[in-house]
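Shown next, in C-alpha cells, is the structure this report addresses.
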Number of protein chains: 2
Amino acid sequence: MGSQVTLAQVAQRAGVSLATASRVVNGSERMVGARFRERVLAAAAELGYTANAFAQAVARGRSDVVGLVVPDIQDPYFSVIAAAAMEVVEPSGEMMLGTTLRRQEQELRYVTTMRARRARALIMVGSRTTDNAHTRRLAEAIAEFTASGGRVVAVGQDKLGADTVLPQNRASAKDLALALVERGHKTFGVLAGPDSLLTARDRVEGFTDGLSERGKRPNVTVHSDFTRDGGYQAMSELLDRRSKPGCVFAVNDVMAIGAMAAVRERGLTVPDDVAVAGFDDIPTLRDVAPSLTTVRLPLADMGRMAASMAMADQPGEQRRVIRVKGEAILRDSTKL
Amino acid sequence: MGSQVTLAQVAQRAGVSLATASRVVNGSERMVGARFRERVLAAAAELGYTANAFAQAVARGRSDVVGLVVPDIQDPYFSVIAAAAMEVVEPSGEMMLGTTLRRQEQELRYVTTMRARRARALIMVGSRTTDNAHTRRLAEAIAEFTASGGRVVAVGQDKLGADTVLPQNRASAKDLALALVERGHKTFGVLAGPDSLLTARDRVEGFTDGLSERGKRPNVTVHSDFTRDGGYQAMSELLDRRSKPGCVFAVNDVMAIGAMAAVRERGLTVPDDVAVAGFDDIPTLRDVAPSLTTVRLPLADMGRMAASMAMADQPGEQRRVIRVKGEAILRDSTKL
DNA sequence: TTGTAGGCGTTATCAA
DNA sequence: TTGATAACGCCTACAA
C-alpha cells in the first residue's frame, strides 16, 4: 500500500481528539457537537480520508465480510445463486468470492481463508461428494469456523453440520420420472454425471425410483462430468450404442444442453429421435430450442435464503435446514 | 466474531515469545530453531490457530485483496472475464466481488469500499457511459485509490486514467459490417442497446462506418437495454414495423439471443426471414441454433490480462493500454 | 460533549 | 536465533 490518510491526521487537522474524529467518521451518531462534526468532516474531505476497514475490523473484533464459495462462477446454476445472494449481502456487507473449479482441496482451503479473514459468514454452495474423508475434514473446518463465531450456510446436501438450503433432488427427480412415464415415454437413458457427486446420485436414484414405481428402469446409464461438455460427451457415447432409449434424463440442465448439441450434431432431432430432460431450470433455458423439460428449482430464492441465514444476527439457537422442492416442468423436448 | 485463538495464546502455550511465534507461523522462514519451530507449530495445531488476516494487513500495511467490479455476474460476458481473472488472482490473493446491477452509483461506491479495504488492486469491468460528470467523479475516486498505492485496471473504454484492456469495438464492428455486405446482405437493422453506453455506441458507429464504406446505411435502429430481454424487446419492436431489414446487428450476443427468440416467437426463421448477428462470442453461443454470426473477443484472455496487470508488483512507471481486437465470425444466422 | 488511554492481533525493529 | 517493545490504524470504556 502507499500513503494512506489516517484518522489521526484528520483529527489533527480538525483540531480535535482522535476519539472525536472517530465518533463522527463512524461513531454511534449524535454524541458530538455540530461544530466539531463539521470540522472533522471537512478535514476528512480535504485529506481524502477513507477509513481503514482492516483496522476497524481488528478494533471491533468483527468484520462484515461474507464469503461465498462456488465450484464455477460461469455455470448459470451458481451464478444465479451468487447474484441473488449478493443482492442481500450487499447493503450491509461485502462479499468475498472463492471458486473451487470443482476441486475439493480448494473448498477446504477457502474455509481456512475465510476464517483468517474473520468473515462473519460463509456460504458454501455445491454438491457434497462420496469422499467421506474429505467431507469430514470439511465439516471439522466448518465447526472451527462456527466455534470462532462465524456463521455457515450450505447450499446442497446437509452434510456439513451447518445451516442448509436443501434441494429435494431425489423427490423431484422422481416426480419428473413419473410425469415422463405418464406422458407416454417407454424407454429411458440417464446421463448420470459423476458417480461421486451426491447431487447427481440423488437425482439418478430419484429418477430410477420413479421409473420402478411404474415397472420400468433405465436401459442405459452413462457417467461424465457435471458440465455442458460432460453432457455432450455422455450423450455422444450413448448414441453410439445399438439401441437408443426414447427419452434421456440428464441430471442437470447444462448437461442436457450439451446432450442436445450431441443429438443435433448427428443430424438427429429432439424430441423426435430422442427426448431430453434436464434439471434445475436455469434461466439460459429460455433460449434453448426445443424448450427443455426440466425440474424447476427456485435458484434465486435459494441464493437469497442462504444469504439471509448467513446475515442473520441471531446466534442461531438451532441449526436450520430449509428443504426446497422442485417442480417438474414438461416442455417440448420430451413431446411425443 | 467469537472467541478466536490468538498468536499470543499460541506463543504462551509453546513457551516462546510472541515474536518467535509470529516468525514460524508466517515469518521470513528459517530464522528460527527447529525445536521452537516444532513447538509453535504443535501449539498452533492444538489450539486450532488461524492468523487474523485483518491484523496482519494492519501490521503489514498492505493486503492481498483484489476487488472486482462487474455490472452483472450472471451475464456470460462478465462471468467469463471474472472466472479468468479469478484464475490468476487466486494463487496469491483473495478476490472481493462487487456487482453494480448496472447502476453507476454502485460503481462509485465500490471504489470507495475497496479503498477502505485497502485492496491492493481493483479491476473495473464494464462500459463507460456518456455521463461525463459521473465518469469524472469515478476517475477522481480512482485517482485517489491509485494515489494511496492501489492499482486499477479497467476493462472497457479508456476513460478512467487507469491501465486498460481496450476491446476494439469500433474497428471490429466495422469488419463485421463489411463481411456481411460481402456475403450479400442488402438491408440492415441495428439493435443499438442503450444510447448512453459507450461500448454500444462504438459498436453501432463502427458498424455504420462499415456499411457506409459500401454505400449503405442502417434502415432502422432500435434502442433498448444491453441485455437478453433488451434484445428481445428491440427485435419485437423492429419486427412490428412495415419493412424488416434483411439482416439485424445486435450490439452484443445476449441481445442477439433475445432477438432470435423474438423472431422465433413470431413463427419466423433465422436466417431465412431475417438474419441476425451479435458481438462478443460468449461461450453460450455454442448452443444457440442457428449458430450465431458474431465478433469474437478473447474474453478469457481479457480477464487474465486485466488480472495480471492488477497483480503486477511494479509500481508501473507508465500507464498501459492493451488493445484487443475482435474477429468477425460468420455463421449460419446470417446465411443467405 | 470531549479527551485520555488502553486494547485489538500482528509485524517489525533492535538489542541481547 | 530469540525476546522485548514499539508501531499499525482504529475503537471504546472511563474520566473530565
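Every heavy atom of this structure was used, including side-chain atoms; hydrogens, water molecules and symmetry mates were not. Throughout, protein chains are lettered first and strands after them, A, B, ... in sequence-line order, and every chain is numbered starting at 1.
Side-chain N/O atoms of B:Ser79 and B:Gln74 include no donor and acceptor closer than 3.5 Å. Using modelled atom types and a 3.5 Å distance limit, the side chains of B:Thr50 and A:Arg115 yield a donor-acceptor pair.
Here D:dT2 presents its P atom at 10 Å from CZ of B:Arg35, a figure rounded to the nearest Å. The interatomic distance linking B:Arg37 (CZ) with D:dT2 (C1') rounds to 14 Å, in whole Å. Taking atom CG of residue B:Leu47 and atom C1' of nucleotide C:dG9, one finds them 15 Å apart after rounding to whole Å. Straight-line distance from the CZ atom of B:Arg62 to the C1' atom of C:dT10: 12 Å, rounded to whole Å. Residue A:Arg60 contributes atom CZ, which lies 6 Å from atom P of D:dT12 at whole-angstrom precision. The separation between A:Gln12 atom CD and C:dT4 atom P is 13 Å, rounded to whole Å. Atom CZ in B:Arg39 sits about 12 Å away from atom C1' in D:dT2, given to the nearest Å. Here C:dA12 presents its C1' atom at 12 Å from CG of B:Leu18, a figure rounded to the nearest Å.
Taking 4.0 angstrom as the limit, A:Gln56 places none of its side-chain polar atoms (N or O) nearer than this to OP1 or OP2 of D:dC10. Taking only side-chain nitrogens and oxygens, A:Thr20 comes nearer than 4.0 Å to OP1 or OP2 of C:dG3. The side chain of B:Ser17 places an N or O atom within less than 4.0 Å of a non-bridging phosphate oxygen (OP1 or OP2) of D:dG3.
Distance from the side chain of A:Tyr49 is smallest to D:dC10 among D:dC10, D:dG9, C:dT10. Side-chain proximity of A:Ala19 to the nucleotides C:dG3, D:dT2, D:dG9 is greatest for C:dG3. When distances are taken from the side chain of B:Leu7 to each of C:dG3, C:dC8, C:dT11, the shortest belongs to C:dT11. Listed nucleotides: C:dG9, C:dG7, D:dG3. Nearest to the side chain of A:Ala59: C:dG7.
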**OP:** Test A:Asp158 against A:Arg320 for salt bridge (charged side-chain N to carboxylate O under 4.0 Å, His left out), laying out the working first.
**Re:** CA-CA 10 Å; A:Asp158 176 19; A:Arg320 294 186 58 187; over 6 Å; no
**OP:** Begin from the C-alpha positions of A:Arg118 and A:Asp64 and carry the test salt bridge (charged side-chain N to carboxylate O under 4.0 Å, His left out) through to its verdict.
**Re:** CA-CA 9 Å; A:Arg118 299 303 190 262; A:Asp64 48 4; over 6 Å; no
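Comparing B:Ala55 and B:Gly33 by the nucleotide of DNA chain D whose heavy atom lies nearest to each, the residue mapping closer to the 5' end is B:Gly33. Of the residues near DNA chain D, B:Val58 and B:Val16, the one whose nearest nucleotide (by heavy atom distance) lies more toward the 5' end is B:Val16.
Taking 3.5 Å as the limit, the base of C:dG9 and the side chain of A:Arg118 contain no donor-acceptor pair of atoms between them.
Residue B:Phe54 is classed as having no contact, given no heavy-atom separation below 4.0 Å to the nucleic acid. As judged by a 4.0 angstrom heavy-atom cut-off over every strand, A:Ala57 is placed among residues making no nucleic acid contact. Contacts of A:Val25 with the nucleic acid, taken as non-hydrogen atoms under 4.0 Å apart, are absent. Among the protein residues, A:Ser22 comes within range of the nucleic acid bases, having at least one heavy atom under 4.0 Å from a base atom.
Using a cut-off of 4.0 Å between Lys/Arg side-chain N and Asp/Glu carboxylate O, A:Asp131 and A:Arg136 are scored as not salt-bridged.
Inter-residue side-chain proximity for B:Val66 and B:Arg120 is flagged as met; some heavy-atom pair is nearer than 4.5 Å.
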